[in-house]
Amino acid sequence: MCGIMGYVGSGKASGIILNGLARQEYRGYDSTGIALRCDKEIKNAKIVGRVSELVKLVEKMPREYLEARSGIGHTRWATHGGVTVTNAHPHESEDGMVILVHNGIIENSREIRADLEGRGIKFKTETDTEAACQLLAHLYKGDALAAMTELARSLAGAFALVIMFRDRPDEIWCARRGSPLVVANSDEASYCASDPTALLEFTHDLFFLEEGEMAVLKPGGVSFFGFDGVPRDKAPIHLSWDSIMADKGQYEHFMRKEIGEQPDVMRLTIDAHTDVTSVSMEKSLNLPKDIIKRIRRIHLVACGTSHYATLLAWNIMESLDCEIEASVDVASEYRYRNVHGGDDTLAIFVSQSGETADTLAAARLARSKGTHCIAITNVRGSTIDREVENTLLSLAGPEIGVAATKTFMGQIGLLALLVMQILKDRGVLSANDEARIIGSMRTLPAHMDSILEREGEIRALAEKYAGSRGFFFIGRRECVPLTMEGALKLKEIAYLPSEAYAAGEMKHGPIAMLDEHLLVVALVPNTDLREKTLSNVAECRARNAPILLISTEGDAEAREHADDVIYLPSVERELFPFLAVIPLQLFAYHVARTLKRDIDMPRNLAKSVTVE
Ligand code: AGP
């Protein structure tokens with residue numbers, strides 16, 4: 001939620017900040033703004049709209065501001081206060097001393113505001129952020145460190161703050177609690193941003209601020225402090241991502257580019273964690289075997305698409321062995337439940353961003369109970385990576401499209417292997433199952449390539465059905481998580497009503513909705529549940545709903561049950577979802593494209609959900 005950027009150095013701040021904001025725009029994009037410094041003067045430019053429009057506004061600023069050597073910028077996902085130019089960041093204190101951008105929610109902003117208004121300070125906006133801005137100006141008496149320390153003590157809630165003091169020309173201050181902030185320094189310049197992808201073109205050595213840390217950026221370097229004002233030494237983390245990886249290349253949308261990268265994600269995952277026909281995660285999994293053997297229950301916890309990845313993992317675990325009790329929960333519920341914890345419990349938290357507020361809170365709860373924790377994330381240096389003792393990094397590279405695609409693939413690849421490693425360490429994974437699944441996994445990348453080559457077929461189906469009034473995704477067992485993912489993709493990028501149901505549940509209510517305007521997308525691989533699922537499909541067909549089947553190659557009879565069929569290569573049944581997700585992603589993508597939706601930045605959404 002919200003992308004922020006700060007720069008001080010010898011380069012042109014306007015271009016560097018605008019470019020950094022554009023790279024982070026997926027984090028929030030309802031309004032945007034920049035503040036640029038020229039000596040002691042600081043000028044703000046803000047708009048309701050996208051960074052591309054802010055660029056035009058900045059071009060009209062007086063020349064000296066275009067040449068400015070420092071500034072801060074923000075792209076907003078509104079929480080407190082409507083989407084207006086006044087509420088857009090940066091915010092400026094009444095006395096003009098403090099100019100600030102913020103990501104997060106200041107929970108005691110009303111109390112702070114009431115107190116400051118009582119002292120005669122006039123507020124201009126409806127935002128929670130302005131309370132932090134006015135309070136900092138009120139606290140600042142010429143000593144920035146003292147004022148920042150006092151501010152951090154006074155604020156409740158989550159914040160990443162980036163700040164300019166009008167009388168401190170060569171400094172940018174920043175502070176973090178609850179919202180991500182990454183800092184870097186190179187060639188007489190210092191930078192900060194919400195997301196590492198904004199800084200990769202300058203350096204790959206990044207300093208991730210910890211909870212309760214702040215920093216002052218100067219052209220010659222960065223100094224770090226705790227919220228108590230005590231200086232801290234920090235070592236950079238090297239991020240191997242390439243800035244090119246965060247570019248769209250020849251593609252119209254990041255989402256389409258990222259869908260196409262999934263075969264490589266699977267290849268990398270398999271290469272990193274397997275040996276011919278066996279799983280070998282020992283090097284990356286820093287959890288002693290005796291702990292794994294002691295575990296009596298496993299909690300799988302995540303949000304959104306990452307949650308569906310955990311449902312798939314749960315399914316694989318159940319398919320391979322039932323001796324261990326495993327449960328799946330969304331993080332927003334887990335964090336408030338009286339869940340079991342302790343030495344006999346392993347909790348696995350999955351978050352591509354590593355910054356989802358609910359998942360972080362859930363992980364903190366588990367850790368406080370002494371539960372063994374593993375995080376699966378795509379972002380090295382992210383909060384979950386730093387807070388959880390064991391991290392497995394998914395190998396998807398930076399994902400920019402708001403809709404998760406290749407990170408899902410990275411997650412399910414890792415989760416499948418992790419599940420097998422755990423069962424193997426406990427001595428309950430049969431050699432046959434291990435070889436069967438790993439052998440089949442190795443065929444996935446080539447199969448994925450072949451599905452991507454058939455994009456035209458899927459695009460034609462998407463165009464045919466884009467006018468449907470709604471969509472039902474149905475399937476059984478291993479396909480149920482995918483029905484949810486298929487429906488979510490359509491909701492988030494095409495804004496169309498779409499529901500996911502275990503196929504057997506349709507007759508318990510949802511079937512009443514069916515008619516010729518509602519498409520049923522049925523996942524029917526050639527498994528022991530094929531006939532059962534086809535019966536449910538027939539029930540839908542009898543209510544005049546058009547049917548799109550996703551089936552296994554060779555099942556010629558499937559055509560008799562559907563208006564259209566997408567055939568997928570045959571793989572072990574646990575892995576069918578790994579292939580089926582690709583046509584579902586492409587289908588949603590092409591429906592959204594047909595309807596001319598803003599695919600990479602769908603309305604009302606943000607890629608990292610760093611508020612509760
Ligand atoms: C997926 O397309 C969504 N953007 C969303 O559901 C996402 O998966 C969810 O917010 C969790 O994000 P995380 O993996 O970064 O924690």
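Just so it is clear, the model here is predicted, and its values are computed rather than measured. Just so you know, ligand 1 is whichever comes first in the structure, and atom 1 is the first atom listed for that ligand.
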| message | For a quick check: using heavy atoms under 4.0 Å, what are the residues in contact with ligand 1, sorted by chain and number? | response |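 Near ligand 1, by chain and number: Cys303, Gly304, Thr305, Ser306, Ser351, Gln352, Ser353, Thr356, Val402, Ala403, Ala404, Leu488, Lys489, Glu492, Val609.
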
- Item | Donor-acceptor pair between Thr356 and Asp358 side chains, under 3.5 angstrom |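 Distance-only check fails for Thr356 and Asp358.
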
- prompt: Have Thr305 and Glu485 got a donor and an acceptor in their side chains that come within less than 3.5 Å?
  reply: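 On atom types as modelled, these side chains qualify, holding a pair under 3.5 Å.
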
Is there a salt bridge (charged side-chain N to carboxylate O under 4.0 Å, His left out) between Lys406 and Glu261? Walk through the geometry before answering. CA-CA 7 Å; Lys406 63 172 178 168; Glu261 289 170 352; 2.7 Å; yes

Less than 3.5 Å apart, which donor and acceptor atoms pair up between the side chains of residues 495-503 and the rest of the protein, not counting sequence neighbours?
residue : atom : partner : partner atom : Å
Tyr495  : OH   : Arg603  : N            : 2.9
Ser498  : OG   : Ala487  : O            : 2.8
Ser498  : OG   : Leu496  : O            : 3.3

- [ ] Step by step, work out the salt bridge (charged side-chain N to carboxylate O under 4.0 Å, His left out) result for Arg256 and Glu455.
- [x] CA-CA 11 Å; Arg256 175 61 192 82; Glu455 179 174 6; 2.8 Å; yes

Practice item. Assign the ring pair His89 / His74 to parallel, tilted or perpendicular, where the plane angle (0 to 90°) is split at 30° and 60°. Key: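 Rings of His89 and His74: parallel, as their planes differ by under 30°.
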
